[in-house]
Amino acid sequence: MTHSKTKTLVVDATDQAAGNGLMSRRFFINSALATGATLASGAPAIAQDAIVGEGQEDWTLYPGDDLPLYGDVSQFEKGRVQRFVAPPTGGRTASSSGRTPHHLLQGTITPSGLHFEVTHHGIPDIDPAKHKVVIHGMVKQPLKWDIEALENYPTVTRKYFMECSGNSRVCWAEKPDQNFMYMTHGLVSGSEWTGIPLSTLLDEVGVSPDAKWIIAEGGDSGSLSRSIPIDKALDDTIIAIYQNGERIRPSQGYPMRLLNPGFEGNTSVKWLRSLYVTDKPVMSRFETSKYTDKLYDGKALQFSLEMDVKSMITRPSSAISLKKKGLYEITGLAWSGRGKIAKVEVSADGGKTWAEAAIEGPVYDKMLTRFRIPWMWDGSPAILQSRATDEAGRLQPTREELLAARGKDAFYHYHAIHSWSVNAKGAIRHVYA
Amino acid sequence: MQRGRSDMSMHKILIAALMISGAQTVVAQQSRFGEPATQADIDKRFWSVFPDGENLPDGQGTAVEGAELFENNCHICHMNPPDKLTDYEPEDPADTLFGGQGTIGTDHMVATIGSYWPYPTTVFNYIRKAMPYTSPMSLTNSEYYALTAFLLSENGIIGENDVINKDTLPKVVMPNHDNFINAYPEVPKKYRTKNE
């Protein structure tokens, strides 16, 4: 977020893009000349007889630490920029989630250690020398690979978002949740994944033309399993072994995981050890009891696999209050499980008027896309919203529209427009608007 | 790295070999770096059992046998059925396993095996590989059948003396079976918003 010297800013009517202070996407560029220029001079002069380093900080005057073998964040960031992990209840190990602090991050790649994770049966500590994945079932020849064998294949490296379909689950509730962005949007992250296209390995086992599903199973203590449609498996699914350039971490599926781009996160089975090619879904607990969406009429959606078009404003947001009137940058992320983001619009008046935000390219298929727009806050109450459109032409719905279509208890796949209210003091709260 | 190229030439050699041998039918491509998987390799990693009974093991049990197993292995974390609550019930119980029938689609849904789960095989499949939570796979197949029978019986779906095994389990019909709608590749229009 940028505080600028508002006094020097010259705003004329043509800079306005929508109501309540939203400025043209190019406003920052146009006004750069006007705001720059005022620094320099005024620094206290150093006395003639003092050593020249007088007034410098220690880190400038003394050589720093030796190089660590594995780099870490600044001590001043530790404990500030971290995930939100709900403590296990009742002293019992149970499913838990670590949520990405999007209000403290920028760009589109989530650092691996801050990538969200949901685990139903804890994080296994797998020795890669004892781990193999087998592909079997309706195939000509069942085969197995360990990570060293997989390393021999040509790899692909791609950027993808991953989102738990339980992300934003609290937004179905009657009252807006106030736990910053962790609870509302902490279960989505973006990474660069490297792996072997699953189709390469399916070619080698020789899949029967009658195959319709692949059942993926993990080696965790719940042997988590999901059914993957064969068209997806043959399209862009990969077996990932690297995340952001290094071998994937235990919490992300070390030594190998399935990665179904754009699908709900639970299908990207971690600690992958079996792929069974068949003509029917297994109907595992995670595609019946869980990860099915209860509708108002007693029915439930099953295999709602593709993540819907969605966006969120990360700054300003409820963890960041506005200290004074003036120019701010509104920024956030948009994504869709059905392809690229085509457009993001922002409103500062609760959806009455919308302005198109600048999209920071390149825009990737099924990846987080960052948007930005300048906003001149005049100190009066405002409601900030963003709405995304994907290349399939799907527009992110309002909360009212989503509840009308599914009811209030769907639990999964909440993807409606999110609203931040700013009051006259600059405090920000999550509201339904 | 020359990976891409060597990969290509490997492919060509393979095609050439096929042409020389005069092979007409589709042959599974030779694996480059995979090894043949044995039945033992598969059995160790494959825990799925299917609604039609595929891959269900031998063994059997009844709800009467399952009751004691539940008390000893499960009750420390999961509540007893609502009509069988005891002096001890876990303070912070794990998922509710009983009751809730008739609540799906109402304002206060309680999703359980009895009220929500569409397939009986899912119960056996999940508890055999994942429960008891802190010591999964620690019971025998017959014990897991007995526990499955107990969970189904206490949900009013089978009788307490019904024998559950690989033949009978797939035939059990779950009350909520018909209420699931396939949403792949597309959520039916009725449940989509107007611009999606």
Side-chain angles (χ1 to χ4, degrees), chain A residues 89-90 92-94 121 132 134-136 139-145 149-150 152-154 201 203-206 215 217 219 221-223 225 229 273-274 276 280 282-285 288-289 292-306 308-309 394-395 397 401-402 405-406 409, chain B residues 3-4 7 26-38 41-42 45-52 54 77 90-95 104-107 109 111 113 116-119 121-122 125-126 129-130 133-134 136 179-185 187-188 190-196:
Chain A
T89 44
R92 174 165 42 75
T93 20
H121 294 268
K132 289 184 168 59
V134 294
I135 307 185
H136 57 119
V139 301
K140 292 225 168 57
Q141 50 174 356
L143 294 170
K144 64 177 175 191
W145 294 264
L150 288 180
N152 291 316
Y153 288 88
L201 304 181
D203 260 5
E204 294 201 351
V205 294
I215 317 303
E217 288 186 43
S221 73
S223 299
S225 63
R273 65 171 183 167
S274 168
Y276 180 68
K280 55 189 185 262
V282 63
M283 303 295 179
S284 72
R285 172 186 178 234
T288 55
S289 168
T292 48
D293 323 337
K294 298 182 193 77
L295 302 162
Y296 57 84
D297 55 4
K299 305 278 180 193
L301 296 176
Q302 192 180 27
F303 302 116
S304 42
L305 302 175
E306 283 177 327
D308 299 297
V309 62
R394 294 179 190 233
L395 172 67
E401 287 167 344
L402 185 63
R406 307 235 170 125
D409 288 307
Chain B
R3 243 181 223 166
D7 189 53
V26 191
V27 194
Q29 196 186 334
Q30 193 80 49
S31 178
R32 284 169 283 183
F33 307 104
E35 281 173 53
T38 63
D41 289 330
I42 293 168
R45 295 169 176 83
F46 182 50
W47 288 82
S48 292
V49 301
F50 290 77
D52 61 6
E54 182 186 341
C77 299
E91 231 169 73
D92 176 43
D95 291 10
I104 305 300
T106 70
D107 263 359
M109 303 200 209
I113 292 170
Y116 193 61
W117 292 35
Y119 298 96
T121 46
T122 311
N125 192 183
Y126 182 68
K129 65 184 182 177
Y133 192 87
T134 41
N179 286 324
F180 287 81
I181 299 168
N182 179 32
Y184 186 80
V187 172
K190 184 177 170 195
Y191 303 113
R192 293 213 307 261
T193 62
K194 66 178 191 299
N195 294 314
E196 284 187 281

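Each chain gets a letter, A, B and so on, in the order its sequence line appears, and its residues count up from 1.
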Approximate separation, where rounding is to 0.5 Å, of A/D293 CG and B/F180 CZ:
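Separation between the atoms: 10.0 Å.
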
Indicate the ring-plane relationship of A/Y276 and A/H136, choosing parallel, tilted or perpendicular according to the 30° and 60° boundaries.
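Ring orientation, 0 to 90° scale: tilted.
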
Any chance you could lay out the salt bridge (charged side-chain N to carboxylate O under 4.0 Å, His left out) test for A/K132 and B/D41, step after step, and finish with the verdict?
CA-CA 9 Å; A/K132 289 184 168 59; B/D41 289 330; over 6 Å; no

Under 4.5 Å from any heavy atom of chain A, what part of [X] do you find: side chain, backbone, both or neither?
X      : result
B/F46  : both
B/Y191 : both
B/D107 : both
B/T38  : neither
B/W47  : both
B/E35  : both
B/K194 : side chain
B/Y116 : side chain
B/N125 : side chain

Measure A/L295 against the heavy atoms of chain B and call it side chain, backbone, both or neither at under 4.5 Å.
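Both backbone and side chain of A/L295 come within 4.5 Å of chain B.
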
Which atoms of A/E401 approach chain B - backbone, side chain, both or neither, heavy atom under 4.5 Å:
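Its backbone and side chain both get close to chain B.
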
Give a yes-or-no answer on whether the side chains of B/W117 and A/T288 include a donor-acceptor pair shorter than 3.5 Å.
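On atom types as modelled, these side chains do not qualify, holding no pair under 3.5 Å.
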
Would you mind telling me which of A/G219, A/A405, A/S274 has the largest number of heavy-atom pairs within less than 4.5 Å of chain B?
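With the most close heavy-atom pairs to chain B, the winner is A/A405.
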
Among A/R406, A/K280, A/E306, which has the most heavy-atom pairs under 4.5 Å with chain B?
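Winner by heavy-atom pair count: A/K280.
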
Heavy-atom pair count under 4.5 Å with chain A, highest-scoring of B/P185, B/P51, B/A111
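Going by pairs under 4.5 Å, I would pick B/P51.
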
Smallest separation among heavy atoms of B/F33 and A/E204, with atom names
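Taking every non-hydrogen atom into account, N-OE1, 4.4 Å.
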
Over all atoms of both residues, closest heavy-atom pair of B/T134 and B/P136
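So the minimum-distance heavy-atom pair works out to C-CD, 3.6 Å.
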
Could you tell me whether the side chain of A/R394 and the main chain of A/D308 form a donor-acceptor pair under 3.5 Å?
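Absent.
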
Please report the C-alpha distance between A/Q302 and B/N182 in whole Å, then the side-chain angles of each, then the deciding distance to 0.1 Å, and finally whether the side-chain contact (heavy atoms from CB on, under 4.5 Å) criterion is met.
CA-CA 5 Å; A/Q302 192 180 27; B/N182 179 32; 5.7 Å; no

Step-by-step salt bridge (charged side-chain N to carboxylate O under 4.0 Å, His left out) determination, A/E217 to B/K129
CA-CA 11 Å; A/E217 288 186 43; B/K129 65 184 182 177; 5.1 Å; no

